[in-house]
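First up is the structure itself, then whatever we jot down about it.
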There are 2 protein chains.
Amino acid sequence: MTDAEYVNIWMRPERPARGPKPVYSRAQITEAAVRIADAEGLEAATMRRIAAEIGAGAMSLYRYVPSRDNLVELMADRLMGEIDVTGMPSGDWRADLTRYADGLRAMWLRHPWIATVQRSLPSFGPNQLLLIERLMGVLDAFVSIDENLGLVALLTSYIEGTVREETSSAEEVRRSGLSESEWMARSYPYVDQLVKSGEYPIFTKIVMEARQPHLSRDDQFRYGLRRVLDCIAAALPPTAE
Amino acid sequence: MTDAEYVNIWMRPERPARGPKPVYSRAQITEAAVRIADAEGLEAATMRRIAAEIGAGAMSLYRYVPSRDNLVELMADRLMGEIDVTGMPSGDWRADLTRYADGLRAMWLRHPWIATVQRSLPSFGPNQLLLIERLMGVLDAFVSIDENLGLVALLTSYIEGTVREETSSAEEVRRSGLSESEWMARSYPYVDQLVKSGEYPIFTKIVMEARQPHLSRDDQFRYGLRRVLDCIAAALPPTAE
DNA sequence: AGATAACCGCGTACAACGTACCCAGTGGAG
DNA sequence: CTCCACTGGGTACGTTGTACGCGGTTATCT
């Protein structure tokens, strides 16, 4: 079986049997790539840039990783490892799911570039697998596996959807290369024109509302999360609480 | 004001005052790009490829669109236009939101590449604006604008989250260039190894369950949607029904 | 009517990307 | 010791987005 015949990175052995000791490692490369993506966006994490970060030649990375796409999969799984799900299920499903929600959101806020990579089903890295076991273990005693999948998907969708909205404008500012105030000044005329046209009353209400003092992002998230958890509670048998 | 100073495509006028008549149009270019992306994925919609599709030179496109990123924004807004929200609010909020949900999901299934483009707040294209007005008009009479934003976000997150899951493995197959059966055969050893290890009982349950006959995707979606709508109903005042 | 300036389509060119290929050197297995 | 599977990495190729400039076209101004 040649390297090209692997369809999944996780099956490919990292260390060879013979030959000189490798100087670098998958973990080290992944770490460097994540560091660059955090600071300058995923598109800045090019093979040459990552190699330079760890002091290697560009082509050396391909001894450890079959392609850039696969490296991004490694990066995504590394991020999953940041979500603390130890001790789940604890017996208090609400507390467990809240901890997961906070952890997932915090991870996304640390690594907003994760929004641009779509994970696919077959890419079950070790960290993602562990997350699935622990997280779905929380409701496993109460509902069928199908129901469990649906409820976890609902929760995760809520978290990812809201955090996507939270980070998107910040990412846009970063990608444009403009300062935030300058970017706001550039965007203003368009929004102002829409508001003044009078054709978009609800959009206008949103804009006006956005200018008022609000709950913090955290509180807003918690508020919505409580609603989702209530929704989940309604799907559980009465024995669950 | 030079072209470079526009921060938003929607402010840039399409037609000039003087000079020869343009042969092409933004709409035509966007249409061609969407057609290519549907058939071969967003990454296949390169500037040269799009230009070839409409019989133009590669650089001609830049007379109509400032950059490829902006063209993708145009494409995304064109897709928003496919969601039928005419006649909303109709007075029956459940029916309205169900129609929106079905429309959004169907659009994503037609254009799965939309998952890879992250929309940002400032990019309010005409179709997106219209969608916001109609969709948020549905609950506008019952709740505050903040509450409305939260509920619509919850609904949209559910739809996009589930449809993302639906399309991700199909997209993976397409990107790999393998046939579906060949791809399944390649993936099998890894999943099998995980199952046989005995370390992932819940993952194993998921895999076993997936081999059994199921509700259709549509029915599964409708089932989850009903749960989300019930959750929304709980947040509305009693006068809403 | 003629001059002007703003626009048109598009060919050429360049930098940056992922990565195929090749090389000389290295160290465990026989 | 010999062998060869492996190492890091240099060179090179195809593809990408797009800056620039050309010669032709047309609405506006003198």
Side-chain angles (χ1 to χ4, degrees), chain A residues 1-6 9 12-26 28-29 32-33 36-37 40-75 113 116-117 175-177, chain B residues 1-6 9 12-26 28-29 32-33 36-37 40-75 113 116-117 175-177:
Chain A
M1 190 184 228
T2 72
D3 278 3
E5 295 195 24
Y6 288 106
I9 334 172
R12 180 190 296 237
E14 170 154 22
R15 295 291 305 272
R18 288 226 296 255
K21 294 251 163 68
V23 177
Y24 315 106
S25 70
R26 270 189 201 170
Q28 183 187 1
I29 292 168
I36 295 168
E40 305 166 49
L42 186 59
E43 79 280 358
T46 67
M47 297 305 269
R48 286 168 232 257
R49 181 89 167 69
I50 297 165
E53 181 86 3
I54 61 173
M59 291 311 292
S60 303
L61 303 188
Y62 287 94
R63 296 280 171 198
Y64 301 86
V65 163
S67 72
R68 184 174 185 274
D69 279 358
N70 279 331
L71 175 55
V72 173
E73 277 187 63
L74 257 46
M75 293 167 72
W113 50 267
T116 65
V117 1
R175 292 209 323 149
S176 72
Chain B
M1 187 183 230
T2 72
D3 277 4
E5 295 195 21
Y6 288 106
I9 333 172
R12 182 190 296 238
E14 170 154 20
R15 294 292 304 273
R18 292 226 291 256
K21 293 253 160 68
V23 177
Y24 315 106
S25 70
R26 270 189 201 170
Q28 183 187 3
I29 292 168
I36 295 168
E40 305 164 51
L42 186 59
E43 78 280 358
T46 67
M47 298 304 271
R48 286 170 232 259
R49 182 89 167 67
I50 298 164
E53 180 86 4
I54 61 173
M59 292 311 293
S60 304
L61 303 190
Y62 287 93
R63 294 280 172 197
Y64 301 86
V65 163
S67 72
R68 184 174 184 274
D69 279 359
N70 279 331
L71 175 55
V72 173
E73 277 187 63
L74 256 47
M75 293 166 71
W113 49 267
T116 65
V117 0
R175 291 208 326 147
S176 72

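Each chain gets a letter, A, B and so on, in the order its sequence line appears, and its residues count up from 1. These numbers come from a predicted model, not from an experiment.
- The distance from atom CD1 of A/Ile50 to atom C1' of C/dC17 is 12 Å, rounded to the nearest whole Å.
- B/Met59 is linked by a side chain to side chain contact (heavy atoms under 4.5 Å, CB included) to B/Tyr62, counting only residues two or more places apart in sequence or in another chain.
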Taking it one step at a time, do A/Ile29 and A/Leu74 satisfy side-chain contact (heavy atoms from CB on, under 4.5 Å)?
-> CA-CA 10 Å; A/Ile29 292 168; A/Leu74 257 46; over 6 Å; no

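- Distance CD1/B/Ile54 to CD/B/Gln28: 5.0 Å, rounded to 0.5 Å.
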Letter per nucleotide, 5' to 3', of nucleotides 25-30 of chain D [B base touched, S only sugar-phosphate touched, - untouched; heavy atoms, 4.0 Å] | BSBS--

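- In this structure, A/Arg48 CZ and A/Leu61 CG are separated by 11.0 Å, a value rounded to the nearest 0.5 Å.
- One atom, CZ of A/Arg49, and another, C1' of C/dT19, lie 20 Å apart when rounded to the nearest Å.
- Going from atom CD1 of B/Ile9 over to atom OG of B/Ser67 covers 7.5 Å, rounded to the nearest 0.5 Å.
- Nucleotide C/dC7 holds its C1' atom 17 Å from the CG atom of B/Leu61, rounded to whole Å.
- Across all their heavy atoms, B/Ala33 and B/Ala45 have their closest contact at O-CB, 4.0 Å.
- Once rounded to the nearest 0.5 Å, the distance linking CZ of A/Arg175 with CG of B/Asp69 reads 4.5 Å.
- D/dT7 atom P lies 15 Å from atom CD of A/Gln28, rounded to whole Å.
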Under 4.0 Å protein heavy-atom contacts per nucleotide of nucleotides 9-19 of chain D, with B for base, S for backbone only and - for none | BBBB---BBBB

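- When all heavy atoms are compared, the tightest approach of A/Ala37 to A/Met75 is CB-CE, 4.0 Å.
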